[in-house]
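Here's the structure we're looking at; comments come further down.
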Amino acid sequence: MARKQHVTIRVLPFAAGALSGLDCTFNILSFAEPGAMDVVYMDLPFSGLWTEGGKEATQHAELFEMIGSHALTESESLAFITSIGNEL
């Protein structure tokens with residue numbers, strides 16, 4: 001899958017520590033149409049929550065970028081995954 005142009009795989013190592021935003025999952029849906037709002041889906045323990053645009057969507061986009069800044073690069077991530085696969 002990592003060879004596909006539209007797929008990016010990045011590993012967040014344990015060494016990154018406990019980061020804000022890792023306690024629940026969320027998805028950000030962005031649309032190419034001009035003026036389209038981002039939509040965020042948060043997966044909560046007993047339900048899900050949608051939010052469209054606004055401050056909350058912006059905060060989730062910033063949170064995603066912050067988490068990504070602690071992740072390995074694409075090439076480092078693939079090397080890490082390959083090394084684990086070779087150990088199996």
- Query: Parallel, tilted or perpendicular for His60 and Phe26, by the 30°/60° rule?
  - Reply: perpendicular
- Derivation and outcome, side chain to side chain contact (heavy atoms under 4.5 Å, CB included), residues Asn27 and Met42: CA-CA 7 Å; Asn27 296 289; Met42 293 163 274; over 6 Å; no
- Residues Ser30 and Asp38: closest non-hydrogen pair is OG-OD1, 2.9 Å
- Task: Taking all non-hydrogen atoms of both residues into account, name the closest pair between Phe31 and Val39 and its distance.
- Result: CE1-CG2, 3.9 Å
- Message: On a heavy-atom basis, which atom in Ile67 and which in Leu19 lie closest, and how many Å separate them?
- Response: CA-CD1, 4.4 Å
- Going by atom types only, do Glu74 and Ser77 share a side-chain donor-acceptor pair under 3.5 Å? no
- Would Asp43 and Cys24 satisfy side chain to side chain contact (heavy atoms under 4.5 Å, CB included), going step by step from the backbone distance to the final call? CA-CA 6 Å; Asp43 193 16; Cys24 76; over 6 Å; no
- Item | side chain to side chain contact (heavy atoms under 4.5 Å, CB included) evaluation trace for Arg10 with Thr8 | CA-CA 7 Å; Arg10 302 210 27 221; Thr8 301; 3.9 Å; yes
- Count the heavy atoms belonging to other residues, nucleotides or ligands that lie under 6.0 Å from CZ of Phe80, then report whether that count exceeds 12. no
- Could you state whether Ile81 and Phe14 fall into the same hydrophobic cluster, counting links through intermediate Ile, Leu, Val, Met, Phe, Trp or Tyr residues with side-chain heavy atoms under 4.5 angstrom apart? no
- Pair Lys4-Met1, side chain to side chain contact (heavy atoms under 4.5 Å, CB included): steps then yes or no: CA-CA 6 Å; Lys4 295 186 182 237; Met1 290 300 293; 3.8 Å; yes
- Query: Which heavy atom in Pro13 sits nearest to a heavy atom in His70, and how many Å separate them?
  - Reply: CD-O, 3.7 Å
- Item | Rounded distance (nearest 0.5 Å) linking atom CG of Leu78 with atom OG1 of Thr73 | 8.5 Å
- Message: Tell me whether Leu22 shares a hydrophobic cluster with Ile9, the cluster being built from Ile, Leu, Val, Met, Phe, Trp, Tyr side chains joined at under 4.5 Å.
- Response: no
- Query: Minimum heavy-atom separation for Val40 to Ile28, with atom names?
  - Reply: CG2-CG1, 4.2 Å
- Residues, nucleotides or ligands: over 12 heavy atoms within 6.0 Å of Glu52 CD: no
- Query: Can Phe64 be reached from Val7 by stepping across I, L, V, M, F, W or Y side chains whose heavy atoms are under 4.5 Å apart?
  - Reply: no
